[in-house]
Amino acid sequence: YFDNCENRALREKLDGVGRREKFRLRFYNHNTGYIKAEKKVRLDGVTRKDFAPITSEACERLLRDDTSWMAEASAPLLRELHARMRYQLLRPVVIVEYTREAYRLNAAGARITFDTEIRGGSCPSDFLQQEATTVRLTAEIILEIKYNAFLPGVLGELLHRGNRQPSAFSKYAAARLYGVNPAMEA
């Protein structure tokens, strides 16, 4: 995940700012053969993600702060990230890794995920390493339910059984705040 020297992305998350953006690099299951740069935009509770594929070689260059190539990239998102890195001083600040078990319910484009083994690390240069130095952030299992047009009835019924209460958990904020980046000022 990226942030600037004023920790803008983290502060906007913690303050619950209605319109905010975060940039990050992602790959899945330790497969660095497919990496993507991603911009996550949240506007009053609705999330949109834009992404662009990036090679592992280009990712390594970016992590070394060698970003001149991004100004001429064919993907608009990479050009935007380059501009933000140059003018807003965005830099990679934290690694977040976890194991995800995902299920799809085709009605309404619903997706249910269970995230476990949530870990964070304050050495972004380790991002592509299989054994990045990270610490466990929580022993909890994080259940996320994402849907497009409407929450399917069966999911609504399951969620409203018993005394369940929705809550928010940000893997990014947890990685930034809990022992991973202790130098950050309040």
Side-chain angles (χ1 to χ4, degrees), residues 1-17 20-42 47-65 67 77-78 81 84-85 89-104 111-146 164-186:
Y1 283 84
F2 292 74
D3 209 343
N4 68 10
C5 58
E6 296 173 343
N7 298 303
R8 180 179 176 175
L10 178 59
R11 292 187 190 283
E12 288 179 349
K13 172 64 182 168
L14 296 176
D15 292 344
V17 172
R20 59 186 185 266
E21 301 174 338
K22 274 191 297 212
F23 285 86
R24 61 187 176 186
L25 300 170
R26 297 190 86 170
F27 63 88
Y28 301 94
N29 301 321
H30 300 289
N31 177 10
T32 57
Y34 180 74
I35 303 170
K36 62 182 177 179
E38 187 175 87
K39 178 171 80 167
K40 185 176 180 180
V41 179
R42 187 160 179 98
T47 302
R48 182 187 89 239
K49 295 178 186 174
D50 301 319
F51 69 93
I54 182 172
T55 66
S56 58
E57 293 80 15
C59 185
E60 285 177 14
R61 289 179 67 186
L62 187 156
L63 293 170
R64 288 193 314 266
D65 203 28
T67 60
L77 181 64
L78 293 175
L81 178 56
R84 302 279 185 106
M85 291 178 78
L89 303 179
L90 277 187
R91 294 291 179 263
V93 293
V94 72
I95 294 173
V96 175
E97 62 182 12
Y98 51 92
T99 301
R100 172 163 283 177
E101 189 175 333
Y103 300 93
R104 282 199 182 280
R111 188 166 66 112
I112 302 167
T113 60
F114 296 92
D115 295 340
T116 58
E117 298 297 321
I118 300 167
R119 303 179 66 80
S122 60
C123 190
S125 61
D126 287 350
F127 176 67
L128 295 173
Q129 305 304 314
Q130 178 102 17
E131 298 297 324
T133 303
T134 59
V135 296
R136 190 167 189 173
L137 300 173
T138 181
E140 307 263 336
I141 297 173
I142 305 301
L143 164 68
E144 291 182 7
I145 299 176
K146 301 171 186 174
R164 293 185 181 97
Q165 295 294 318
S167 64
F169 179 82
S170 168
K171 293 179 278 285
Y172 167 71
R176 294 290 311 274
L177 293 175
Y178 297 113
V180 175
N181 198 351
M184 191 188 124
E185 296 177 12

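Taking CG from L77 and CD1 from I54, the interatomic distance works out to 9.5 Å, rounded to the nearest 0.5 Å. Once rounded to the nearest 0.5 Å, the distance linking CG of L10 with CG of D15 reads 9.0 Å. A distance of 9.5 Å separates CZ of F169 from CG of D115, quoted to the nearest 0.5 Å. For the atom pair L128 CG and C59 SG, the distance stands at 4.5 Å (nearest 0.5 Å). With rounding to the nearest 0.5 angstrom, the CZ atom of R119 is 12.0 Å from the OG1 atom of T138. Here the CG atom belonging to L81 is positioned 7.0 Å from the CG atom belonging to L25, to the nearest 0.5 angstrom.
By the 4.0 Å N-to-carboxylate-O rule, R8 lies too far from E6 to be salt-bridged with it. Checked for salt-bridge contact, R100 and E144 meet the test: a charged N lies under 4.0 Å from a carboxylate O.
Every residue two or more places apart in sequence or in another chain that forms a ring-ring contact (aromatic ring centres under 6.0 Å, His included) with Y1 is listed here: Y172.
Here the closest non-hydrogen pair linking A37 and L78 is CB-CD2, 3.7 Å. Heavy atoms only, all atoms of each residue included: D126 and A132 are closest at O-CB, 3.6 Å. For the pair A175 and G120, the tightest heavy-atom approach, listed with the atom from each and the gap, is CB-CA, 4.1 Å.
Using a 4.5 Å cut-off on side-chain heavy atoms (C-beta onward), K39 and F2 make no contact. Side-chain contact between L89 and C5 is present, with heavy atoms from C-beta onward closer than 4.5 Å.
The salt bridge (charged side-chain N to carboxylate O under 4.0 Å, His left out) pairs that include a residue from residues 51-63 are R61-D66, where partners are two or more places apart or lie in different chains.
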Test side chain to side chain contact (heavy atoms under 4.5 Å, CB included) applied to R42 and E12, step by step: CA-CA 11 Å; R42 187 160 179 98; E12 288 179 349; over 6 Å; no
Derivation and outcome, side chain to side chain contact (heavy atoms under 4.5 Å, CB included), residues C123 and T133: CA-CA 7 Å; C123 190; T133 303; 5.8 Å; no
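The number of heavy-atom neighbours closer than 6.0 Å to CZ of F27, taken from other residues, nucleotides and ligands shown, is above 12.
In terms of modelled atom types and a separation under 3.5 Å, the side chain of N31 and the main chain of G33 share a donor-acceptor contact.
Of the candidates K22, R176, K13, R176 is the only one forming a side-chain contact (heavy atoms from CB on, under 4.5 Å) with D3.
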Listed pairs under 3.5 Å, donor-acceptor, residues 91-98 side chains, sequence neighbours left out:
residue, atom, partner, partner atom, Å
R91, NH1, M85, O, 3.0
E97, OE2, T134, OG1, 3.0
Y98, OH, R26, NH2, 2.7

